[in-house]
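Notes follow once the structure below has been shown.
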Amino acid sequence: MGIRGFESRLEKAVEGTVSRIFRGAVKPVEFARKLQREMDSHRSVGVDGNTIAPNHYAFWVSEADYSQLADILQTLSRELADTARRHARDEGYRFVGPVEVTVEADAGVRQGVLSVEGRFIESADARMPGSLMLPTGDRVPLGEYTVSIGRQHDCTVVLADPNVSRRHAEVAPSGTGFAVTDLGSTNGTVVNGSRITGTKQLTDGDEVRFGNTVMHFEAS
């Protein structure tokens, strides 16, 4: 299901040109399959007892395939990173740093073939990486700063939702993760269906609703 979803998202992102771009070249589904196999085969156990997986994936393809992929490399890398996050969530894996995917050309690789290497690359600090997934599919990375959410033009994330207050809520570092704080908004902040009062620690996959706008927190 995850791989089929990957193909569908990629097809939509590049406006139906996937079949044309990948004709005679390495197929997009092979990127996703290789990534998942690499993640599963190189998972390990962290010092806290959690299962951790590589968070950096480097793909190598032939020069001919790379030339065909040139126009969609950024989209392909982004969709593969999302696939890694989804697979990790399904399997209960954790990451030690932000997920990154690169695709490079290698003269030693035959056309239609690809290789991949997964690596563990830690964040610059001890904090687990995190991001907010917006309804548009855009991702807001979280770090050592406060992300403000509301209708006011100087908020980090500006929402046009009339049910959102001018300064509705904030997401900020908390412990080794992140927490959301409602700023006394009129319609409240809801996490996984429950309205919060004050501050709520976020966990991977949480659904956060501000007014009628739904976002998701990803710990990667």
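Every value quoted in this text rests on a predicted model; they were computed, and no experiment measured them.
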With sequence neighbours excluded, what pairs up with R167 under the salt bridge (charged side-chain N to carboxylate O under 4.0 Å, His left out) test? D154, E170
Tell me, please, which residues at least two apart from R89 pass salt bridge (charged side-chain N to carboxylate O under 4.0 Å, His left out).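 Once residues adjacent in sequence are excluded, the partners of R89 under the salt bridge (charged side-chain N to carboxylate O under 4.0 Å, His left out) criterion are D204, E218.
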Minimum heavy-atom distance between [X] and [Y], given as atom pair plus value:
X	Y	answer
G198	I196	O-CD1, 3.7 Å
G150	C155	N-SG, 3.7 Å
F178	G143	CE2-O, 3.5 Å

State the [atom1]-[atom2] distance between [X] and [Y], to the nearest 0.5 angstrom.
X	Y	atom1	atom2	result
L132	D138	CG	CG	12.0 Å
T189	L183	OG1	CG	7.5 Å
N187	N163	CG	CG	5.0 Å
E100	H56	CD	NE2	5.0 Å
F59	L69	CZ	CG	11.5 Å
L134	I149	CG	CD1	8.5 Å

Linking I/L/V/M/F/W/Y whenever any side-chain heavy atoms sit under 4.5 Å apart, do L73 and L80 land together? yes
In terms of hydrophobic clustering (I, L, V, M, F, W, Y; side-chain heavy atoms under 4.5 Å; direct or indirect links), are I121 and W60 co-clustered?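 Per the 4.5 Å side-chain linkage, I121 and W60 are not co-clustered.
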Considering residues at least two apart in sequence or located in another chain, which fulfil the side-chain hydrogen bond (donor to acceptor under 3.5 Å, both in side chains) criterion with [X]?
X	value
N192	D206
N212	none
T199	T181
S148	T156

Sub-3.5 Å donor-acceptor pair from the side chain of [X] to the main-chain atoms of [Y], do we have one?
X	Y	value
S67	E63	no
R166	Q152	no
T186	S165	no
R209	G211	yes
E38	G118	yes
D161	T213	yes
Q201	S174	yes
H87	D82	no
D182	A169	no

Kindly determine whether R85 and M133 satisfy side-chain contact (heavy atoms from CB on, under 4.5 Å), including the steps that lead there. CA-CA 12 Å; R85 295 183 184 97; M133 177 67 78; over 6 Å; no
Could you tell me whether the side chain of [Y] reaches within less than 4.5 Å of the side chain of [X], counting heavy atoms only?
X	Y	result
V103	S77	yes
V109	L114	no
T83	F31	no

For a side-chain contact (heavy atoms from CB on, under 4.5 Å) check, start with the C-alpha distance between M39 and Y57, then their side-chain angles and the critical distance, and finish with the verdict. CA-CA 9 Å; M39 183 182 294; Y57 296 88; 3.3 Å; yes
Apply side-chain contact (heavy atoms from CB on, under 4.5 Å) to the pair I52 and S44, showing each step before the final yes or no. CA-CA 5 Å; I52 57 175; S44 185; 4.2 Å; yes
Side chains of Y66 and D106, donor plus acceptor under 3.5 Å: no
For V208, which of V190, L202, V214 qualifies under side-chain contact (heavy atoms from CB on, under 4.5 Å)? L202
Does V191 form a side-chain contact (heavy atoms from CB on, under 4.5 Å) with F217? I'd like the steps, not just the answer. CA-CA 10 Å; V191 178; F217 170 74; over 6 Å; no
For F210 and H168, take the angle between the two ring planes, folded into 0 to 90°, and tell me which bin it lands in: parallel under 30, tilted 30 to 60, perpendicular over 60.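 Perpendicular.
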